[in-house]
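A, B, ... follow the sequence lines: proteins, then strands. Residue 1 opens every chain. Note: hydrogens, waters and symmetry copies are ignored here, and every other heavy atom, side chains too, is used.
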Amino acid sequence: MSKFHDKFDSLVWEIVAGIPPGQVMAYGEVARVAGFPRYSRMVSGAMGRAPEPLPWFRVVRSNRTLAFEPGSKSYREQVQLLKQEGVRFEGPRVIAVNPTETLDKMLWGPEV
DNA sequence: CCCTTGACTATCT
DNA sequence: GAGATAGCCAAGG
């Protein structure tokens, strides 16, 4: 039995496992890197089927919010695990340890 | 085979 | 920038 996701799943697991601590990736990014551009929704399924523990908490929505319902058990767990790695929270949005996509830091340098 | 469901996204208001 | 809308695609009923 080889369903479509046999390959997809293992790719996702590999990619997710490769996300460095303090860094986050969107579902769509993972899917795209895996070579399946429109499979963002499938990424969650793949992680749920992972045979061994994955840093699933490093995968967030494209808008940098968490995919779980705020207040839910998984949501709180994810928040804690992320904070534990130094990830900051700006309201519901997560700020990776090294947010290279913001020009502010490049222009103004690390203030803090 | 049609319809619904998701740990989603891009786009428009 | 938040909320609504329309795509998206495999799985399961």
Side-chain angles (χ1 to χ4, degrees):
Chain A
M1 54 171 269
S2 75
K3 298 186 177 179
F4 109 94
H5 55 250
D6 284 352
K7 193 61 169 287
F8 180 74
D9 282 11
S10 26
L11 284 172
V12 169
W13 300 337
E14 213 175 321
I15 295 166
V16 172
I19 304 175
Q23 189 73 313
V24 297
M25 231 172 148
Y27 292 86
E29 291 183 77
V30 175
R32 180 158 39 75
V33 172
F36 297 78
R38 296 295 183 280
Y39 285 59
S40 50
R41 296 191 101 123
M42 310 297 108
V43 173
S44 54
M47 291 195 288
R49 289 188 293 272
E52 55 179 278
L54 283 181
W56 56 271
F57 52 88
R58 298 188 190 135
V59 183
V60 300
R61 292 210 181 103
S62 60
N63 59 3
R64 306 278 115 161
T65 61
L66 304 191
F68 293 100
E69 173 152 4
S72 67
K73 186 184 179 191
S74 298
Y75 185 94
R76 293 195 304 275
E77 184 181 358
Q78 185 168 16
V79 170
Q80 187 188 331
L81 288 168
L82 286 174
K83 282 185 175 176
Q84 188 176 301
E85 297 190 338
V87 173
R88 299 186 303 104
F89 275 81
E90 194 172 273
R93 307 241 185 101
V94 310
I95 309 296
V97 172
N98 186 7
T100 51
E101 41 239 308
T102 60
L103 295 179
D104 296 19
K105 293 295 173 67
M106 294 179 63
L107 298 176
W108 289 90
E111 304 268 327
V112 190

Student: Kindly say whether A:Val94 contributes a backbone atom to a donor-acceptor pair with the side chain of A:Arg64 at under 3.5 angstrom?
Tutor: no
Student: Between the side chain of A:Arg76 and the main-chain N/O of A:Gly71, is any donor-acceptor distance below 3.5 Å?
Tutor: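 Yes, the answer is positive, given that a donor and an acceptor are paired below the 3.5 Å cut-off.
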Student: Give me the distances for all protein-to-nucleotides 1-4 of chain C N/O pairs that come in under 3.5 Å?
Tutor:
from, atom 1, to, atom 2, distance (Å)
C:dA2, OP2, A:Arg93, NH2, 3.0

Student: Rounded at 0.5 Å granularity, tell me how far NZ in A:Lys83 sits from CZ in A:Arg88.
Tutor: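 So the gap between those two atoms works out to 11.5 Å.
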Student: Return the orientation label for the A:Phe36 and A:Phe8 ring planes: parallel under 30°, perpendicular over 60°, tilted otherwise.
Tutor: perpendicular
Student: Contact class for A:Ala26 vs. all strands (heavy atom < 4.0 Å): base, sugar-phosphate, or nothing?
Tutor: sugar-phosphate
Student: Go through the steps for A:Met47 and A:Val30 under the test side-chain contact (heavy atoms from CB on, under 4.5 Å), then give the verdict.
Tutor: CA-CA 11 Å; A:Met47 291 195 288; A:Val30 175; over 6 Å; no
Student: So, is A:Tyr39 close to the C:dC8 phosphate, meaning a side-chain N or O under 4.0 Å from OP1 or OP2?
Tutor: no
Student: What side-chain hydrogen bond (donor to acceptor under 3.5 Å, both in side chains) pairs are there with at least one residue in residues 50-60 of chain A, not counting sequence neighbours?
Tutor: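 Found A:Arg58-A:Glu85.
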Student: Nearest-Å distance, CZ (A:Phe36) to P (C:dC8)?
Tutor: 18 Å
Student: Check step by step if side-chain contact (heavy atoms from CB on, under 4.5 Å) holds for A:Gln78 and A:Val60.
Tutor: CA-CA 10 Å; A:Gln78 185 168 16; A:Val60 300; 4.1 Å; yes
Student: Could you give the start and end, 5' to 3', of the contact zone on DNA chain B for chain A, using atoms under 4.0 Å from its heavy atoms?
Tutor: B:dG6 to B:dA10
Student: Which part of the nucleic acid does A:Arg61 contact within heavy-atom distance under 4.0 Å: base, sugar-phosphate only, or nothing?
Tutor: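 A:Arg61: backbone/sugar contact only, no base atoms under 4.0 Å.
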Student: Check whether A:Arg61 reaches the backbone of A:Leu66 with its side chain - one donor and one acceptor, N or O, closer than 3.5 Å.
Tutor: yes
